[in-house]
Amino acid sequence: MFKLLKLTVIIFLFASCKEREIASPPIEFDVRYTHAFLNCDNSVNPEMNCNEFVIFKENSKASLLLGGDDIIYNYDFHYKIGSIIQVGNCCSFKVVDRHTLVRTQDNSTWIIQPDSP
């Protein structure tokens, strides 16, 4: 009887952990979450962007422009426990709500642009 109870508890624990790992936090797909740099002046170098952005696709792909660069990188992304989205090996975001993310590396806030595609 004790072995059966122990086995049931172990199965329940594994099943509940697996559920939490794959639960996806609510985000919007095919829209641009943007973080604007404060006091950014790109008049000397117009190739420098004054913002960075991420666009999540439903196929677990993300397009990412970081650090004012002019190259958009494509990564796979996946969900982690605690409403965290891991984008490739480069960064992760905490989902605040459907319209707001916080990048975990620097606590910057990323919001959906009103004119997002």
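Predicted model, so just to flag it, every value in this text is computed and none were measured. All heavy atoms count here, side chains included; hydrogens, waters and symmetry mates do not.
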Surrounding CG of N89 (heavy atoms of other residues, nucleotides or ligands, distance under 6.0 Å), is the total greater than 12? no

Just one of I112, L65, L64 clears the side chain to side chain contact (heavy atoms under 4.5 Å, CB included) bar with F53, so which one? L65

Tell me which one of T100, I27, I55 satisfies side chain to side chain contact (heavy atoms under 4.5 Å, CB included) with Y33. I27

Restricting to disulfide bond (SG atoms under 2.5 Å apart), what partner residues turn up for C40, sequence neighbours left out? C50

Could you work out, with side chain to side chain contact (heavy atoms under 4.5 Å, CB included) as the rule, every residue matching K61, not counting sequence neighbours? K57, N59, D76

Is F93 close to V87 at the side-chain level, that is, under 4.5 Å between some pair of heavy atoms? yes

What is the distance from atom [atom1] of [X] to atom [atom2] of [Y], rounded to the nearest 0.5 Å?
{"X": "N51", "Y": "F37", "atom1": "CG", "atom2": "CZ", "value": "7.5 Å"}
{"X": "T109", "Y": "L101", "atom1": "OG1", "atom2": "CG", "value": "9.5 Å"}
{"X": "Q113", "Y": "R32", "atom1": "CD", "atom2": "CZ", "value": "8.0 Å"}
{"X": "I71", "Y": "L66", "atom1": "CD1", "atom2": "CG", "value": "11.5 Å"}
{"X": "H99", "Y": "I111", "atom1": "NE2", "atom2": "CD1", "value": "11.0 Å"}

Checking Y73 now: which residues fulfil ring pair (Phe, Tyr, Trp, His ring centres under 6.0 Å) with it, not counting sequence neighbours? none

Single-linkage hydrophobic cluster V31~V95, side-chain heavy atoms < 4.5 angstrom: yes

Salt bridge (Lys or Arg N to Asp or Glu O under 4.0 Å) pairs, two or more places apart, involving residues 104-113: R103-D106

Selection residues 82-101 - residue pairs positive for salt bridge (Lys or Arg N to Asp or Glu O under 4.0 Å), sequence neighbours left out: E28-R98

Test F56 against F77 for ring pair (Phe, Tyr, Trp, His ring centres under 6.0 Å), laying out the working first. CA-CA 8 Å; F56 297 103; F77 74 89; 4.9 Å; yes

Evaluate the side-chain contact (heavy atoms from CB on, under 4.5 Å) criterion for residues I84 and T104: first the C-alpha distance (whole Å), next the side-chain angles of each, then the deciding distance (0.1 Å), finally the verdict. CA-CA 9 Å; I84 302 291; T104 58; 4.2 Å; yes

Inter- and intrachain pairs under disulfide (SG to SG under 2.5 Å), touching residues 69-113, at least two apart: none

Flag for N74-S63: side-chain donor and acceptor within less than 3.5 Å: yes

Run E52 and H35 through side chain to side chain donor-acceptor pair (under 3.5 Å) and show every step you take. CA-CA 5 Å; E52 47 194 357; H35 169 250; 2.9 Å; yes

